[in-house]
Amino acid sequence: MGDNSLSGQVPYSIGKLCGLTRLGLGENYLSGTIEGWIENLKNLQVLRLQSNHFTGQIPSSISNLTQLASLYLNENEFEGSIPASLGNLPRLQYLNLSSNNLQGYIPTNFATLQQLRELYLSHNALLGNITPISNFEHLITLDVSSNEFTGPIPDSLGQCHDLMSMKMDQNFLSGSIPTTFGDLKNLSTLNLSHNNLSGSIP
């Protein structure tokens, strides 16, 4: 049902469609919160809610969707912190939370998302360090640009050998560029601009 100029709130009764494996409502004009119906769709593998006007917090009950492989929540008006319960989605491969009003830290249990292939957190107000997302064996795309992240760039990112694109620009990252980045043979896009990095280029 994506890109259909749908408006208003999603009816709670959609939560009765518990057999759904894919739900696409992206690129509409939908509003309101997603709590109250989302947690009942326990068989969802793909959820697309991007480019709407959803508000409120991302509900912690989203952890009920244990089959979820792809989650698109980008370009909405979600606020508050990233729920730690997202770290309880063992099959998650694609996560896009970019262009919202999210604040706070990356939950430490994000390190458990070892199936993750693509992670987008850009254009929010997230802060702290990026250590919880620095050691994903299968990661190919990482975008944490335009936030308020601080601290050094973890050396362990250089062990994500599948990485093809990494964007960390427009933050407050400090320290030197890890020498391990030289091991990222598949990397084709790297943006570290507009930070507080120092030292020599490896």
Side-chain angles (χ1 to χ4, degrees), residues 50 57-58 60 63 68-202:
Q50 77 277 9
Q57 297 189 348
I58 300 172
S60 59
S63 62
L68 206 59
S70 298
L71 178 59
Y72 299 73
L73 298 180
N74 49 300
E75 297 181 44
N76 278 286
E77 299 166 27
F78 290 113
E79 58 187 12
S81 58
I82 299 174
S85 58
L86 280 179
N88 299 327
L89 298 175
R91 299 175 183 235
L92 201 61
Q93 298 181 27
Y94 180 101
L95 176 59
N96 196 333
L97 303 179
S98 63
S99 300
N100 280 288
N101 300 314
L102 299 174
Q103 301 175 334
Y105 302 91
I106 299 174
T108 56
N109 70 339
F110 258 41
T112 63
L113 299 176
Q114 289 300 310
Q115 299 303 313
L116 209 58
R117 302 277 291 171
E118 300 184 54
L119 176 60
Y120 302 88
L121 300 177
S122 65
H123 295 89
N124 282 290
L126 299 169
L127 45 78
N129 61 64
I130 60 173
T131 303
I133 57 173
S134 63
N135 195 20
F136 293 132
E137 182 179 353
H138 303 293
L139 199 65
I140 60 174
T141 302
L142 174 62
D143 188 353
V144 297
S145 59
S146 299
N147 278 286
E148 300 175 14
F149 290 120
T150 56
I153 300 173
D155 288 344
S156 53
L157 274 173
Q159 300 172 12
C160 301
H161 298 296
D162 291 337
L163 265 174
M164 299 177 64
S165 177
M166 180 161 48
K167 298 179 181 179
M168 300 182 180
D169 52 296
Q170 301 187 65
N171 281 287
F172 300 98
L173 299 172
S174 58
S176 59
I177 301 173
T179 58
T180 54
F181 279 14
D183 298 326
L184 299 176
K185 305 301 183 183
N186 294 311
L187 197 65
S188 59
T189 299
L190 175 63
N191 193 341
L192 303 176
S193 66
H194 296 86
N195 280 289
N196 297 321
L197 299 175
S198 58
S200 60
I201 298 176

* **Heavy-atom check, side chain of Leu116 versus side chain of Leu92, under 4.5 Å** => yes
* To do: Answer yes or no: does atom OH of Tyr105 have more than 12 heavy-atom neighbours from other residues, nucleotides or ligands under 6.0 Å?
  => no
* **Single hit among Asn96, Ile133, Val144, Ile140 for side chain to side chain contact (heavy atoms under 4.5 Å, CB included) with Leu119** => Ile133
* Check whether the ring centres of Phe110 and Phe136 lie less than 6.0 Å apart, and answer yes or no. => no
* Is a donor on one side and an acceptor on the other found under 3.5 Å between the side chain of Asn100 and the backbone of Asn76? -> yes
* Would you say Leu157 and Leu142 make side-chain contact, with heavy atoms under 4.5 Å? -> yes
* Asked: With a 4.5 Å heavy-atom cut-off, do Arg117 and Asp162 have their side chains touching?
  -> yes
* So, the side chain of Asp183 versus the backbone of Gly158: is there a donor-acceptor pair under 3.5 Å, distance only? -> no
* Is the side chain of Asp169 donor-acceptor paired with the backbone N or O of Ser145 at a distance under 3.5 Å, no angle test? -> no
* Is any side-chain heavy atom of Asn74 closer than 4.5 Å to a side-chain heavy atom of Tyr120? -> no
* Asked: Can any side-chain N or O of Ser146 pair as donor or acceptor with the backbone N or O of Ser122 at less than 3.5 Å?
  -> no
* To do: Using a 4.5 Å cut-off on heavy atoms from C-beta on, say whether the side chain of Leu126 contacts that of Leu97.
  => no
* To do: Please answer whether the main-chain N or O of Gln103 pairs with a side-chain N or O of Asn101 as donor and acceptor at a distance below 3.5 Å.
  => no
* Answer whether the closest heavy-atom distance between the side chains of Leu190 and Leu184 falls below 4.5 Å. => no
* Hey, does Asp143 have a side-chain heavy atom less than 4.5 Å from the side chain of Ser165? -> no
* To do: Spell out, as yes or no, whether a donor-acceptor pair under 3.5 Å connects the side chain of Ser85 to the backbone of Ser60.
  => yes
* To do: Would you list the pairs meeting side-chain hydrogen bond (donor to acceptor under 3.5 Å, both in side chains) in which at least one residue belongs to residues 124-142, sequence neighbours left out?
  => Asn129-Thr131, Ser134-Ser156
